[in-house]
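Single-structure report; data block below.
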Amino acid sequence: MDLVFRARRMITTAGEVEGTVGVREGRIVAVEPLNSALDADRVIELGANQVLLPGLVDTHVHVNDPGRTEWEGFKTATRAAAAGGITTLLDMPLNSLPPTIDVDALDVKRKTAEGRLHVDVGFWGGAVPGNLKQLRPMHEAGVFGFKSFLLHSGVDEFGHLSFAEFEAALRELNRFNGLMIVHAEDEQSITSSRGRRYADFLASRPRAAENGAISRVIALARKTGARAHILHLSSSDALPMIAEARAEGVELTVETCPHYLTFVAEEIPDGATQFKCCPPIREAANREALWQGLADGLIDFIVSDHSPSTIALKRFDTGDFGDAWGGIAGLQIGLPAVWTQARRRGHKMFDVAEWMAHRPAKLAGMRHKGQIAPGFDADFCVFAPDEAFVVQAEQLHHRNPVTAYHGLPLAGRVVSTWLRGIKVTGEELHGDLLGREDA
Ligand SMILES: [Zn+2]
């Protein structure tokens, strides 16, 4: 073996166990009992105060590179990911220039990212008006699926689909079992809002906007038989129709984000635009219902939707929610944020690993990520669940020191992160480009 972990606590898909993990050439080759004779030059002993988790898989990150590198970039985003226990991230197709809406743009992304990665990175493509014929070539080139919007995306160069165009895209994807991931809010229920009051911003993007769009997505997924995934669910009102659709056999999966599971609208100060995101953070009762959705298995997993911008774009000068960029920067904080809330509600580290590693990897079709099991990449997060800290924005590695989590006390600390058997919580760049494995 090149590396062996002896862990009093580690998370496998069977649950929390004690055991020994053997690594050779970047892959896990053995998972044995704690007293196993497995040996290596490098043996890491973990006591009962640390848990060996599979490296987290964050399938929802906006790296914005190339094109908006003053917002973020591959080096800074992947450094933050590594510091947060994430070993694989998938980059969203919008906010970079060009957006990833054809194979040429995908090539530009890959060239830009190459050699600048702390963790492994793959890409989503975009489904936008007029690029239907680009979907299959991008699929064959290895994107993990296709993102679409049903209302203005926030940037003009990434157009949104009408419901008719969305249906056509689903039909096209269904020809090659492609995956559609969708920002489900509709325009009809959204009003424009200005000013510093969070309550006004929230009222301008009501649950109805999500509920209406999700109901249309379900109807079209049912009609076409295609696979659809709801991004960043905030409205818990949609859970019953999601349950119904799944019971019926519609190919539907759902994610939510740490910020919807952590913050509540009632406590967001007016003018605090670091909390602005779309769909918005809702009331405390909604947060509890989302936690119940996770417990019930209706929400499949949790990903960051790290969507950073410059400090200027957050408009702290006016605090106007209408003008501020919508997006929460919190890539590095997801694990302790989720753990802090999860353990209060009686969940275990096993649940967190399911939500943040195993299930997102599975949805994206990654056959070597997200589990501690023989044959998988030796990607690990060593986590100390009982430690505590207070988030300081300026200590985080993403580019601009803004985060909704600033000042928040959290439970749990990422001790180290390992990518294919190499410790990556440092300066070195060991990340690789990742394509869909059946591409
Ligand atoms: Zn997003």
Side-chain angles (χ1 to χ4, degrees), residues 11 13 51 53-62 80-81 84-90 92 119 124 144 147 181-184 210 229-236 238-239 242 252-264 277-282 286-307 327-364 366 369-371 379 381 383 385 391 403-405 408 410-412 414 417:
I11 305 298
T13 50
V51 185
L53 299 171
L56 306 187
V57 176
D58 189 339
T59 54
H60 194 151
V61 180
H62 296 267
I86 297 160
T87 48
T88 305
L89 67 81
L90 295 187
M92 281 293 167
V119 302
W124 297 106
F144 285 81
K147 178 170 194 179
I181 62 173
V182 55
H183 182 123
E210 282 189 85
H229 175 74
I230 306 292
L231 297 163
H232 47 53
L233 180 73
S234 171
S235 168
S236 61
L239 289 167
I242 289 165
L252 185 75
T253 50
V254 181
E255 69 183 37
T256 191
C257 308
H259 37 278
Y260 302 123
L261 298 166
T262 300
F263 302 114
V264 293
C277 59
C278 300
I281 293 163
R282 305 189 190 279
N286 186 76
R287 177 182 69 177
E288 293 319 303
L290 291 176
W291 275 106
Q292 192 57 48
L294 277 163
D296 294 342
L298 292 176
I299 299 174
D300 295 272
F301 57 79
I302 308 169
V303 286
S304 70
D305 193 8
H306 178 67
S307 183
I328 299 237
L331 185 58
Q332 192 176 332
I333 293 302
L335 176 57
V338 169
W339 172 236
T340 300
Q341 299 291 329
R343 73 171 186 175
R344 277 182 201 159
R345 292 166 178 83
H347 296 293
K348 306 292 184 210
M349 282 305 329
F350 170 77
D351 302 311
V352 173
E354 284 290 299
W355 295 327
M356 302 187 80
H358 179 204
R359 291 200 203 143
K362 203 170 153 197
L363 176 78
M366 296 173 190
K369 298 290 190 189
Q371 290 185 46
D379 297 349
C381 165
F383 189 63
V391 180
T403 178
Y405 296 92
L408 195 69
L410 292 178
V414 173
T417 303

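These numbers come from a predicted model, not from an experiment.
- With sequence neighbours excluded, the residues that form a side chain to side chain contact (heavy atoms under 4.5 Å, CB included) with Ala329 are His306, Pro308, His398.
- By the 4.5 Å heavy-atom criterion applied to side chains, Phe263 and Leu408 are counted as neighbours.
- Contact between Leu89 and Ala81 at its shortest, heavy atoms only, is CD2-CB, 3.9 Å.
- If you take CZ on Phe350 and NE2 on His358, they are separated by 8.5 Å, rounding to the nearest 0.5 Å.
- Interatomic distance, CG of Asn286 versus CG of Leu290, reported as 4.5 Å (0.5 Å rounding).
- For the pair Asp351 (side chain) and Lys348 (backbone), a donor-acceptor distance under 3.5 Å is present.
- The CD1 atom of Ile230 sits 9.0 Å away from the CD atom of Glu210 when rounded to the nearest 0.5 Å.
- Relative ring orientation between Phe144 and Trp124 is described as perpendicular, the plane-to-plane angle rising above 60° on a 0-90° scale split at 30° and 60°.
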Exercise for the section: Run the numbers on Thr417 and Thr87 for side chain to side chain contact (heavy atoms under 4.5 Å, CB included), then give the verdict. Expected result: CA-CA 7 Å; Thr417 303; Thr87 48; 3.5 Å; yes
Practice task
Evaluate side chain to side chain contact (heavy atoms under 4.5 Å, CB included) for Ile242 paired with Leu233, printing each intermediate quantity in order.
Solution key: CA-CA 11 Å; Ile242 289 165; Leu233 180 73; 4.3 Å; yes
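- The heavy-atom pair separating Thr340 from Ala411 by the smallest distance is OG1-N, 2.8 Å.
- Among residue pairs with one or both ends in residues 330-347, those qualifying as salt bridge (charged side-chain N to carboxylate O under 4.0 Å, His left out) are Glu288-Arg345, Arg343-Asp386; sequence neighbours excluded.
- Two residues are said to be in side-chain contact when any heavy atoms from C-beta on lie closer than 4.5 Å; Leu261 and Leu294 meet this criterion.
- Between the side chain of Ser234 and the main chain of Ile281, no donor-acceptor pair closer than 3.5 Å is present.
- With sequence neighbours left out, His62 forms a ring pair (Phe, Tyr, Trp, His ring centres under 6.0 Å) with His60.
- Listed for the Tyr405 side chain is no donor-acceptor partner under 3.5 Å among the backbone atoms of Gln332.
- Here CD of Glu354 is found 11.0 Å from CG of Asp300. Values are rounded to the nearest 0.5 Å.
- In this structure, the ring pair (Phe, Tyr, Trp, His ring centres under 6.0 Å) partners of Phe301, at least two apart in sequence or on a different chain, are His229.
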Handout entry: side chain to side chain contact (heavy atoms under 4.5 Å, CB included) between Met92 and Leu231, intermediate numbers included
Key = CA-CA 11 Å; Met92 281 293 167; Leu231 297 163; 4.1 Å; yes
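- Between Pro336 and Phe383 the shortest heavy-atom distance is CA-CZ, 4.3 Å.
- The two residues Ser304 and Leu331 make their nearest non-hydrogen contact at OG-CD1, 3.8 Å.
- Taking CG of Leu298 as the reference point, atom OG1 of Thr256 lies at 12.5 Å (rounded to 0.5 Å).
- The side-chain hydrogen bond (donor to acceptor under 3.5 Å, both in side chains) check on Ser235 picks up Asn211, with sequence neighbours excluded.
- Rounding to the nearest 0.5 Å gives a distance of 11.0 Å between CG of Asp58 and CG of Leu335.
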Exercise for the section: Please assess Leu363 against Thr59 for the test side chain to side chain contact (heavy atoms under 4.5 Å, CB included), listing each intermediate value before the final yes or no. Expected result: CA-CA 9 Å; Leu363 176 78; Thr59 54; 5.7 Å; no
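- Pro54 approaches Ala357 most closely through the heavy-atom pair CG-CB, 3.8 Å.
- Using a 4.5 Å cut-off on side-chain heavy atoms (C-beta onward), Cys381 and Val414 make contact.
- For the side chain to side chain contact (heavy atoms under 4.5 Å, CB included) test, residues two or more places apart in sequence or in another chain that qualify with Thr88 are Val57, Asp120, Met366, Lys369, Asp379, Leu434.
- The two residues Trp339 and Val352 make their nearest non-hydrogen contact at CE3-CG2, 3.9 Å.
- The backbone N or O of Arg287 sits nowhere less than 3.5 Å from a side-chain atom of Arg282 that would complete a donor-acceptor pair.
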